[in-house]
Undergrad: 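Sharing a structure, written as structure tokens. Questions coming.
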Amino acid sequence: MAALRLGSVPPPTLTGITVTKKCERFNGVFKVVGDGGGDNGFPPFLPKEIEKIKDPFARNLARRIKRLPVQIGCSESYIMSSCVQPLAQTDANPVALLHCFDSSCLEWRRAYPLLEESGLEAWALDILGWGFSDLGRLPPCNVASKRYHLHQLWKSYIKRPMVLVGPSLGAAVAIDFAVNHPEAVEKLVLINPSVYAEGTGNLAKLPKVVAYAGVSLLKTFPLRLYANLLAFDGIPLSKSLDWTNVGRLHCHMPWWKDATVSFMVSGGYNVVSKIKQVKQKTLIICGENDKIVSNQLAMRLRFELPNASMQRLPDCGHLCHVDMPQNVVKLIADFARAK
């Protein structure tokens, strides 16, 4: 359910890091209770297909996924929002990790443990409409709703200026958020940023029946496998097959198709006019073998942003944080700690 009526029960308040909660119905009333694990330690709200995934990093991070109540609309409406919480709060400002288009926090499966080892307070967040949140009563999944939801989560739980990390389309999400809520963002890290597309273009004009047919195709294994082969260079087929299952796990959520169509027909992200409004210091990380977003666009962004630097990763594809997690984590950690 996307909007939960909690009556007089307020959302849990974080002082430092809170224990994750979920909502269940008792005598017709929703109450906040502890989040229990399912088989093999996986949260019970994850699709059963999680059991087929072999990647130990994905399985380990999946066990860490929680749902937090995030207030939307009126004071008694909440979305149970999926994320990975840090185990401890640090003195330094936190790092918040977004993900690519139509993906989930599991993108950070290889980098997240390294970020924790480096001593950073890291949050891996699912953008509204993707990931593993509870959207049984679907809210709008347009840009404004995604921005509002992220701000409400930040205001309720993170509460400090953050280093916001956005890969691919997540970079557009990060730029949109940083311009509209500069108080929430200390710095930006943009990985192979996809920020020059003018929204979803003609897809926004498709009849609903055609849009749903296109989204059904987007879920198919062959199309996802092809995208995975584009994203990574030289990985074994067995790993590519498994990583394809990781990348499409969220597509098994019952609301996924409706949420994706909602985003598509809304027009999507068009942040070209906002790029020069970004005030935050920005690091661009660019995989030199990216076959999805041209390195030339990363270079263009480097010069259009008012305060940006760029680091190139040789022999690295589109998903640098999966492909070369050690390199990406070092760049993020050094950038986050720099004055």
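Just so it is clear, the values below take in all heavy atoms, side chains as well, and ignore hydrogens, waters and symmetry mates.
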Undergrad: Take atom CD in Glu288; do more than 12 heavy atoms of anything else shown fall under 6.0 Å from it?
TA: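 Enclosed: over 12 neighbouring heavy atoms sit under 6.0 Å from CD of Glu288.
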
Undergrad: Which heavy atom of Ala122 sits nearest to which heavy atom of Tyr112, and what is that distance?
TA: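 Residues Ala122 and Tyr112, closest heavy atoms: O-OH, 2.7 Å.
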
Undergrad: Kindly indicate whether a cation-pi arrangement holds for Arg67 with Phe45, taking the cut-offs as under 6.0 Å to the six-membered ring centre and within 45° of the axis.
TA: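 Cation-pi check for Arg67 and Phe45: passes.
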
Undergrad: Hey, what do you get for CD (Glu121) to CG (Leu115), rounding to the nearest 0.5 Å?
TA: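 Answer rounded to 0.5 Å: 12.0 Å.
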
Undergrad: Is there a donor-acceptor pair under 3.5 Å between the side chain of Ser262 and the backbone N or O of Pro140?
TA: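 It does not hold such a pair.
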
Undergrad: Could you state the interatomic distance from SG (Cys286) to CD (Gln311), rounded to the nearest 0.5 Å?
TA: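 Reported value, rounded in 0.5 Å steps: 10.5 Å.
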
Undergrad: Evaluate whether atom OH of Tyr226 has more than 12 neighbouring non-hydrogen atoms of other residues, nucleotides or ligands under 6.0 angstrom away.
TA: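 No, the 6.0 Å shell around OH holds no more than 12 heavy atoms from other groups.
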
Undergrad: Testing Lys155, Met80, Gln152 for side-chain contact (heavy atoms from CB on, under 4.5 Å) with Val70, which one passes?
TA: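 By the side-chain contact (heavy atoms from CB on, under 4.5 Å) criterion, Val70 pairs with just one of Lys155, Met80, Gln152: Gln152.
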
Undergrad: Without swapping roles, check the side chain of Lys187 against the backbone of Ala338 for a donor-acceptor pair under 3.5 Å.
TA: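 Judged by distance alone, yes, a pair lies under 3.5 Å.
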
Undergrad: Rounded at 0.5 Å granularity, tell me how far OG in Ser103 sits from CZ in Arg248.
TA: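 Output value for this atom pair is 13.0 Å.
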
Undergrad: Pick one: which of Ile53, Asn60, Asp55, Val84 meets side-chain contact (heavy atoms from CB on, under 4.5 Å) with Arg109?
TA: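 Only match with Arg109 under side-chain contact (heavy atoms from CB on, under 4.5 Å): Asp55.
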
Undergrad: Got a salt bridge between Arg147 and Asp176, using NZ or NE/NH1/NH2 to carboxylate O under 4.0 Å?
TA: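 A salt bridge links Arg147 with Asp176.
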
Undergrad: Output all residues satisfying side chain to side chain contact (heavy atoms under 4.5 Å, CB included) with Thr260, sequence neighbours left out; order by chain, then residue number.
TA: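 Only Asp102, Trp130, Val215, Leu218, Trp256 meet the side chain to side chain contact (heavy atoms under 4.5 Å, CB included) criterion with Thr260.
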
Undergrad: Counting only N and O atoms by type, is there a donor-acceptor contact under 3.5 Å from the side chain of Asn93 to the main-chain atoms of Arg160?
TA: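 Flag not set: sc Asn93 to bb Arg160 has no pair under 3.5 Å.
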
Undergrad: Where the side chain of Asp126 meets the backbone of Cys105, is there a donor-acceptor pair that is under 3.5 Å apart?
TA: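 Yes, the answer is positive, given that a donor and an acceptor are paired below the 3.5 Å cut-off.
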
Undergrad: What closest approach, in Å, do Ser240 and Leu229 show between heavy atoms, and which atom pair accounts for it?
TA: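 Ser240 and Leu229 have their closest heavy atoms at OG-CD2, 3.4 Å.
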
Undergrad: Measuring from atom NZ of Lys208 to atom CE of Met264, what distance do you get when rounded to the nearest 0.5 angstrom?
TA: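 One finds 11.0 Å between NZ of Lys208 and CE of Met264.
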
Undergrad: Does atom CD (Glu183) have a neighbourhood of more than 12 heavy atoms from anything else shown, all under 6.0 Å?
TA: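 Yes - once you tally the heavy atoms of other residues, nucleotides and ligands closer than 6.0 Å, there are more than 12.
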
Undergrad: Under 3.5 Å, is there a donor-acceptor pair between the side chain of Asp242 and the main chain of Lys54?
TA: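 It does hold such a pair.
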
Undergrad: Does Ser81 reach the main-chain N or O of Ile79 with its side chain, forming a donor-acceptor pair under 3.5 Å?
TA: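 Pair found, side chain donor or acceptor close to backbone of Ile79.
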
Undergrad: If you look at every heavy atom in Cys320 and Asn192, which pair is closest and at what distance?
TA: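 Heavy atoms of Cys320 and Asn192 come nearest at SG-ND2, 3.3 Å.
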
Undergrad: Within 45° of the six-membered ring axis of Tyr196 and under 6.0 Å from that ring's centre, is NZ or CZ of Arg300 located there?
TA: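 Cation-pi check for Arg300 and Tyr196: passes.
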
Undergrad: Mark yes when over 12 heavy atoms from residues, nucleotides or ligands other than Lys274 sit less than 6.0 Å from its NZ; otherwise mark no.
TA: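 Atom NZ in Lys274 is packed in, count exceeds 12.
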
Undergrad: Taking the side chain from Ser168 and the backbone from Gly170, do they hold a donor-acceptor pair closer than 3.5 Å?
TA: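 Side chain of Ser168 to backbone of Gly170, a donor-acceptor pair under 3.5 Å: no, none is there.
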
Undergrad: Tell me whether the rings of Phe263 and Tyr269 are parallel (<30°), tilted (30 to 60°) or perpendicular (>60°).
TA: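 Correct class here is tilted.
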
Undergrad: Under 30°, 30 to 60°, or over 60°: which ring-plane class applies to Phe232 and Trp243, parallel, tilted or perpendicular?
TA: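 Geometry flag for Trp243 against Phe232: perpendicular rings.
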
Undergrad: Minimum heavy-atom separation for Ile65 and Ser82, please, with both atom names.
TA: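 Nearest heavy atoms, Ile65 then Ser82: CG2-CB, 4.1 Å.
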
Undergrad: Please list all pairs meeting ring-ring contact (aromatic ring centres under 6.0 Å, His included) that have one or both residues in residues 303-339, counting only residues at least two apart or in different chains.
TA: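 Non-adjacent pairs meeting ring-ring contact (aromatic ring centres under 6.0 Å, His included): Trp108-His321.
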
